[in-house]
4 protein chains.
Amino acid sequence: MSLVFNDPCLEETASATPYKLASRTHQLENTIIHIKGQRIGGSALAVIAGPCSIESKTQIDEIAAFIASQGAKFLRGGAFKPRTSPYDFQGLGERGLDYMQQAAERYGLVTVSEIMDSADVPMLSDHVDILQVGARNMQNYSLLKAVGQIKKPVLLKRGFSATYTDVLLSAEYILQAGNADVILCERGIRTFETYTRNTLDLAAIPVFQSLSHLPVLVDPSHGTGRRELVTTMSLAAVAAGASGLMIEVHPEPNQSISDAKQTLSFEMFEQLMKRLSSI
Amino acid sequence: MSLVFNDPCLEETASATPYKLASRTHQLENTIIHIKGQRIGGSALAVIAGPCSIESKTQIDEIAAFIASQGAKFLRGGAFKPRTSPYDFQGLGERGLDYMQQAAERYGLVTVSEIMDSADVPMLSDHVDILQVGARNMQNYSLLKAVGQIKKPVLLKRGFSATYTDVLLSAEYILQAGNADVILCERGIRTFETYTRNTLDLAAIPVFQSLSHLPVLVDPSHGTGRRELVTTMSLAAVAAGASGLMIEVHPEPNQSISDAKQTLSFEMFEQLMKRLSSI
Amino acid sequence: MSLVFNDPCLEETASATPYKLASRTHQLENTIIHIKGQRIGGSALAVIAGPCSIESKTQIDEIAAFIASQGAKFLRGGAFKPRTSPYDFQGLGERGLDYMQQAAERYGLVTVSEIMDSADVPMLSDHVDILQVGARNMQNYSLLKAVGQIKKPVLLKRGFSATYTDVLLSAEYILQAGNADVILCERGIRTFETYTRNTLDLAAIPVFQSLSHLPVLVDPSHGTGRRELVTTMSLAAVAAGASGLMIEVHPEPNQSISDAKQTLSFEMFEQLMKRLSSI
Amino acid sequence: MSLVFNDPCLEETASATPYKLASRTHQLENTIIHIKGQRIGGSALAVIAGPCSIESKTQIDEIAAFIASQGAKFLRGGAFKPRTSPYDFQGLGERGLDYMQQAAERYGLVTVSEIMDSADVPMLSDHVDILQVGARNMQNYSLLKAVGQIKKPVLLKRGFSATYTDVLLSAEYILQAGNADVILCERGIRTFETYTRNTLDLAAIPVFQSLSHLPVLVDPSHGTGRRELVTTMSLAAVAAGASGLMIEVHPEPNQSISDAKQTLSFEMFEQLMKRLSSI
């Protein structure tokens with residue numbers, strides 16, 4: 001990344017940015033998130049894997065065991081689901097978080113789960129290691145301020161139609177409220193192309209890295225919406241300098257309650273991890 | 001609208017929609033919102049006007065007096081502002097709502113203000129007649145569920161990159177939680193065009209009217225981002241069948257704390273109201 | 001439009017434009033196109049109607065007779081069709097233009113047809129009154145230069161993803177080559193919304209009128225892709241100040257070789273013309 | 001690519017495609033283009049490099065010598081430039097092609113240059129090895145049919161707002177006219193993001209490779225519009241399986257007549273080639 005960062009043109013741009021704490025100008029060295037012995041933003045690739053939704057105690061335990069066996073250190077699982085339709089499964093709630101917490105402890109994993117309401121911050125903080133602010137809530141400023149006041153890392157996903165500046169200003173809300181541990185996540189933007197669920201914008205990685213010191217992850221599951229593209233786009237994201245990946249995995253993808261089409265099987269996840277470790 | 005609604009092709013489409021309570025199939029007749037003697041969705045055009053932000057007691061009183069004198073029945077004003085940057089003015093909060101409430105009572109106006117957090121629902125409900133869910137929170141499902149449980153109308157703005165179906169599913173969250181008084185508002189979508197702040201999609205009006213029974217307003221201030229386009233796009237919105245307009249007005253637009261470029265002066269607003277009444 | 005045009009902010013913008021001959025700064029008064037006794041850009045609304053494709057001598061004659069009886073003065077019909085697929089009907093070619101020319105002469109109509117290749121300019125000029133450059137060829141600069149050297153008006157359609165500036169620079173190619181009779185046409189842009197074929201951007205009308213002196217038409221048939229929306233969006237376009245409309249009409253829309261879903265029946269066109277004349 | 005290609009879901013999709021000759025269903029094995037001893041679509045990465053515009057005999061000779069010394073086998077250079085403004089440099093024309101042809105012969109390079117008009121096909125074919133159809137002409141069907149009748153490979157760039165299907169249908173025009181040697185090129189699409197000139201859609205690589213047998217290149221220069229992003233996005237494109245890259249290079253990028261901001265210096269190109277060869 002030194003090449004990008006040394007570019008005089010970009011430094012000039014950075015000095016005029018509307019965000020401050022999030023900018024490279026404010027902090028030259030990369031932010032590295034330390035959480036339960038793991039790091040995000042350092043030299044190792046952080047792999048966050050797990051189901052879209054926590055469905056049962058057995059399901060999350062089985063998945064946790066499997067991803068840990070493959071070398072992943074972070075377990076994701078949704079308990080409060082931001083579903084476009086009120087008739088879709090809305091998640092198991094706190095009970096689901098309990099299941100995930102137990103599974104994570106058993107296999108030594110760090111947990112990530114989505115927070116949807118500022119009122120839920122205390123409860124989620126009790127159960128989850130990294131709180132995720134989803135794409136639909138990227139500009140829910142009450143929520144950003146609330147997670148800015150906790151002592152846990154926040155994973156901030158780019159909104160469907162958020163510019164790079166929008167993302168960094170949302171990060172600024174969290175930083176400015178006192179929480180320095182913000183992780184950015186590119187997950188695809190909305191364009192006219194309908195073959196893929198979203199258009200994964202990998203240029204976001206070097207751009208965020210030049211404008212900001214915050215670590216950048218990529219979610220190729222939501223970023224493409226098609227499982228057959230996840231491995232290829234994961235490799236491309238790593239080549240573009242991503243600090244980590246967020247991958248949906250399920251023992252029987254087609255039985256997944258949500259996001260079935262974009263979820264990897266155990267076999268596909270195993271192959272992905274092998275491809276990644278061979279780089 | 002009978003022409004559109006009788007189209008067999010559209011009825012067929014409607015029958016397959018993922019939303020239920022929001023659909024024309026579920027309710028054939030138009031929903032008309034009754035609030036303090038005013039109506040939205042009936043034959044009269046509802047004009048909602050006021051400043052982007054409530055700035056002071058004097059400011060909101062002056063604007064309320066003026067818009068009432070021009071025939072507008074609804075007063076808008078932001079007290080909790082969803083600002084992209086944490087360093088921008090965030091609003092006067094409850095104090096601002098007090099100012100607006102007093103002004104509205106003095107001039108017989110119905111008030112509209114934005115709600116940003118489900119925790120604020122009781123407080124806003126005490127001060128405001130119509131609660132607005134803004135574009136950035138259109139998919140904040142906690143908030144949608146919370147405003148679905150109150151007895152006041154909700155004005156739901158289309159997200160920057162929300163499809164028609166997304167909007168109607170967000171309305172469904174509110175309806176399904178028990179609140180039948182939902183007003184849809186087209187306010188422009190994000191496209192590649194940068195001359196205007198957003199691209200105002202007026203086809204949303206007949207489309208929403210054919211797929212749903214809910215009233216549809218248009219916000220040409222945010223929809224264009226340029227005050228010189230507001231009057232023309234207001235006339236076009238009315239011609240396309242909009243049930244009302246949402247217009248930013250300020251005695252000294254260029255001194256407006258927020259949205260200065262898209263705010264009408266009193267003189268421009270007076271001309272707009274004359275043009276509208278001549279239709 | 002005087003309101004828009006007098007805005008100091010816009011004049012300032014105009015002075016910095018990369019186009020010259022197309023700008024209001026260069027020519028203050030509106031360009032009015034005179035062609036065979038008809039005018040485009042004056043006080044009367046120009047209605048261009050006809051089939052997507054010329055299909056037979058009988059078909060174009062029947063349509064010409066009908067639209068003339070309804071008061072339309074311009075007949076459109078495609079003989080060289082820019083079809084996305086090579087397996088779709090490509091048009092009748094010069095034979096089709098002959099049919100249209102005969103029908104137009106019989107009913108006193110001015111003809112409009114699309115030109116796709118600079119090599120065809122002489123041949124099309126022999127048969128057609130107004131040459132149309134389609135959305136897909138808006139940045140085919142060889143074609144723009146070629147139609148800039150003829151003595152017939154050119155109708156320039158906005159590209160799927162062309163900014164206002166892009167459109168005016170394409171117009172500039174034609175003007176700069178010596179042809180002053182350029183007509184702009186908004187026909188919808190590509191966005192993430194898929195319910196409509198395109199998103200019709202009616203703000204283009206006042207924007208083009210403030211930045212340029214060229215007349216602006218709207219094509220609600222391509223702009224929506226759905227016939228049930230054409231009447232409503234036509235009325236909105238006129239309210240926004242459009243100088244004319246371009247409408248697809250066919251005696252049996254569902255039998256139309258191309259664009260069936262967006263084509264009006266005779267009955268719908270008759271109703272549209274009545275609605276327009278009542279304004 | 002075998003993983004992607006074996007996916008049953010994709011094969012099903014492929015069978016329903018509107019294109020035929022371009023599909024994997026029609027031809028199972030990858031198309032490999034053979035041209036003057038070089039290959040595109042085989043195991044080696046094809047690097048096409050050179051200036052945006054051919055500016056002089058000296059300039060193109062100096063660049064050809066340099067890129068050849070770095071291992072590139074393909075020389076690009078524009079002689080007929082599709083410039084958005086008629087006042088921008090339009091290229092040296094045939095004289096420029098002469099200069100490039102001489103330089104290419106001296107250093108054993110294969111040439112690529114853009115064709116803008118079907119009338120120019122014979123002349124360009126005399127001077128250039130691979131004819132490029134640019135993004136703005138991707139749906140210029142006259143041009144596609146014309147280059148479909150020659151015996152030279154055609155490099156087809158994706159339009160600004162073309163879907164995957166649109167691109168493959170444009171390729172189909174060329175294939176169906178008799179020319180089997182079509183190369184696809186992803187060069188970024190138009191989105192709301194303005195920091196980058198376009199949004200480079202790297203998912204296009206695995207998608208095109210699964211739907212079609214044609215080779216896929218990536219142009220990170222136009223795809224980002226910023227030279228500091230070109231190296232990173234080149235590495236990502238290769239990781240995503242691209243068969244080659246198209247890179248703008250100039251000895252003094254800031255003196256380049258066109259595309260200065262996105263053009264690599266010799267030093268940056270040398271570093272890029274080293275990074276690529278280390279993979």
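Letters A, B, ... mirror the listed sequences (proteins, then strands); counts begin at 1. Only heavy atoms go into these numbers, but all of them, side chains included; no hydrogens, no water, no symmetry mates.
- Using non-hydrogen atoms only and a strict 4.5 Å limit, no part of residues 212-221 of chain A faces chain D.
- Under the salt bridge (charged side-chain N to carboxylate O under 4.0 Å, His left out) criterion, no residue pair touches residues 237-246 of chain A, with sequence neighbours excluded.
- Counted within 6.0 Å of CD on A/Glu29, heavy atoms from surrounding residues, nucleotides or ligands total more than 12; the atom is thus considered enclosed.
- Looking at D/Ile189 and A/Thr191, their side chains come closer than 4.5 Å, going by heavy atoms from C-beta outward.
- Using a 4.5 Å heavy-atom cutoff, the side chains of A/Leu229 and D/Val207 are in contact.
- What you find for A/Pro206 and D/Met233 is that their closest heavy atoms are CG-SD, 4.3 Å.
- The side-chain heavy atoms of D/Ser210 and A/Glu228, taken from C-beta on, include no pair separated by under 4.5 Å.
- Under the side chain to side chain donor-acceptor pair (under 3.5 Å) criterion, the residue pairs touching residues 41-53 of chain D are D/Ser53-D/Ser258, with sequence neighbours excluded.
- At a heavy-atom cut-off of under 4.5 Å, chain D is reached by A/Arg158, A/Phe160, A/Ser161, A/Ala162, A/Thr163, A/Tyr164 from residues 155-166 of chain A, listed in order of number.
- With rounding to the nearest 0.5 Å, the separation of CG in A/Leu200 from CG in D/Asp201 is 8.5 Å.
- Interface summary for chain D: among A/Ala236, A/Gly223, A/Ser234, A/Ala204, the most heavy-atom pairs under 4.5 angstrom belong to A/Ala236.
- Heavy atoms of A/Leu202 lying under 4.5 Å from chain D belong to its backbone as well as its side chain.
- For a residue to count as touching a neighbouring chain, one of its non-hydrogen atoms must lie under 4.5 Å from one of that chain's; by this rule D/Leu235 touches chain A with backbone and side chain alike.
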